[in-house]
Amino acid sequence: MRIATWNVNSINARLENVLAWFEAASPDVAALQELKCIDEKFPTEAFERLGYNVAVHGQKTYNGVALLSKTPMEDVTRGLPEGDGDDHARYIEAVTGGTTPCRVASIYLPNGNPIGTEKFAYKLAWFARLRKHAQGLLALEEPLALVGDYNAIPGPEDADKPEDWLGDALFQPESRAAWRALKNLGLTDAYEQVDGRAGGYTFWDYQAGAWQRNHGIRIDHALLSPQAADRLRSVTIHRDVRATEKPSDHVPVVFELDL
DNA sequence: ATGGTAGACCTTCTA
């Protein structure tokens, strides 16, 4: 089973680019983030024509996440528990796959900038809620892949110019600690396990020629339960997509599991 | 030190 994650930065502005990639890469399951549209505006039919089942948790203008799968999805859940008035569409989860199904979540963690504001507090609170939910999921002892845009740079080796990110919410000690605390429940960072090399970036800003200068960061991740991590075969960052016509600022990452 | 880009939408916010 090949599971992809991709922050598309508006599914409708990106549709041609996204569909071209899906036709070429043909992932079994895909988690999309930053749809920037409500459910009704999601191009469901276009993905159905490519053979996908579609589950969307959309929102007007901002956020929005989706799961696409070639096999039917069961147990579809939208939003994290204990939302307490949180109306951001940042989480969708489902169980899908063939003989050995996998529980997959599409995650769009809050950016949290600027630091020292309620936005940064919201990011940390969201991280804590995700951790609590992940704890419950791990108790199921089944293949689990929590994939998406975590808006977290795990370490200095995950940025081309770490010094540029010192004041940014993505690289604050609190953000990195929240990432570690989630991982330390017993989850595996798929990239770290199969390819610990520096330079595996997944995001390059549109501004200041970041792509041309390779000023990238690694913020799109897969955290795997032991039952999934034991079956991890490869991780592929599709960085060429960043050089295509009208690209997202994030590129797709594909995780291949022997499931 | 600043400004640089992209998307949604209506004027400024988010990233």
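Just so we're on the same page: letters track the sequence lines, and every chain starts at 1.
Within the structure, every side-chain polar atom (N or O) of A:Arg14 is placed at least 4.0 Å from both OP1 and OP2 of B:dA6.
Look at A:Arg218 and A:Asp189 and you find a salt bridge, because one of the NZ, NE, NH1 or NH2 atoms lies within 4.0 Å of a carboxylate O, short of that distance. A salt bridge links A:Asp86 with A:Arg129; the closest basic N to acidic carboxylate O contact falls under 4.0 Å.
Using a 4.0 Å heavy-atom cutoff across all strands shown, A:Phe203 reaches no nucleic acid atom at all. Counting any heavy atom pair closer than 4.0 Å across all strands shown, A:Arg90 reaches sugar-phosphate atoms only and no base atom. A:Lys246 comes within 4.0 angstrom of the backbone, heavy atoms only, and of no base.
Between the NZ atom of A:Lys36 and the P atom of B:dC13 there is a distance of 15 Å, rounded to whole Å. Between A:Arg242 atom CZ and B:dA6 atom P the separation is 9 Å, expressed in whole Å. One interatomic measurement links the two molecules: CG of A:Asn9 to P of B:dC13, which rounds to 18 Å at whole-angstrom precision. Rounded to whole angstrom, the span from the NZ atom of A:Lys60 across to the C1' atom of B:dT14 amounts to 15 Å. The separation between A:Leu15 atom CG and B:dG7 atom P is 13 Å, rounded to whole Å. The NZ-C1' distance, from A:Lys161 to B:dG4, rounds to 14 Å in whole Å. Between A:Asn17 atom CG and B:dG7 atom P the separation is 10 Å, expressed in whole Å. Distance A:Gln33 CD to B:dA15 P: 14 Å, rounded to the nearest Å.
Toward the 5' end of DNA chain B, the nearer of the two residues A:Tyr206 and A:Ile11, judged by each one's closest nucleotide, is A:Tyr206. Each of A:Leu35 and A:Asn111 was assigned the nucleotide of DNA chain B with the nearest heavy atom; the assignment lying further toward the 5' end belongs to A:Leu35.
To the nearest 0.5 angstrom, A:Asn7 atom CG is 13.0 Å from A:Ile107 atom CD1. Note that the OH atom of A:Tyr150 and the OG atom of A:Ser175 stand 14.5 Å from one another [nearest 0.5 Å].
Rounded to the nearest Å, the gap between the P atom of B:dC10 and that of B:dT14 is 14 Å. For the C1' atoms, the distance linking B:dA15 with B:dG3 amounts to 16 Å, nearest Å.
In this structure, of B:dA15, B:dA8, B:dT5, it is B:dA8 that holds the atom nearest to the side chain of A:Thr61. Here the nucleotide nearest the side chain of A:Gln207, chosen from B:dA15, B:dA8, B:dA6, is B:dA15. Closest contact between the side chain of A:Ser10 and the listed nucleotides B:dT14, B:dA15, B:dA8 involves B:dA8. If you check B:dG3, B:dA8, B:dA15 against the side chain of A:Ala208, the one that comes closest is B:dG3.
Below 30°, between 30° and 60°, or above 60°: for A:Phe47 and A:Phe42 the angle between ring planes is below 30°, a parallel geometry.
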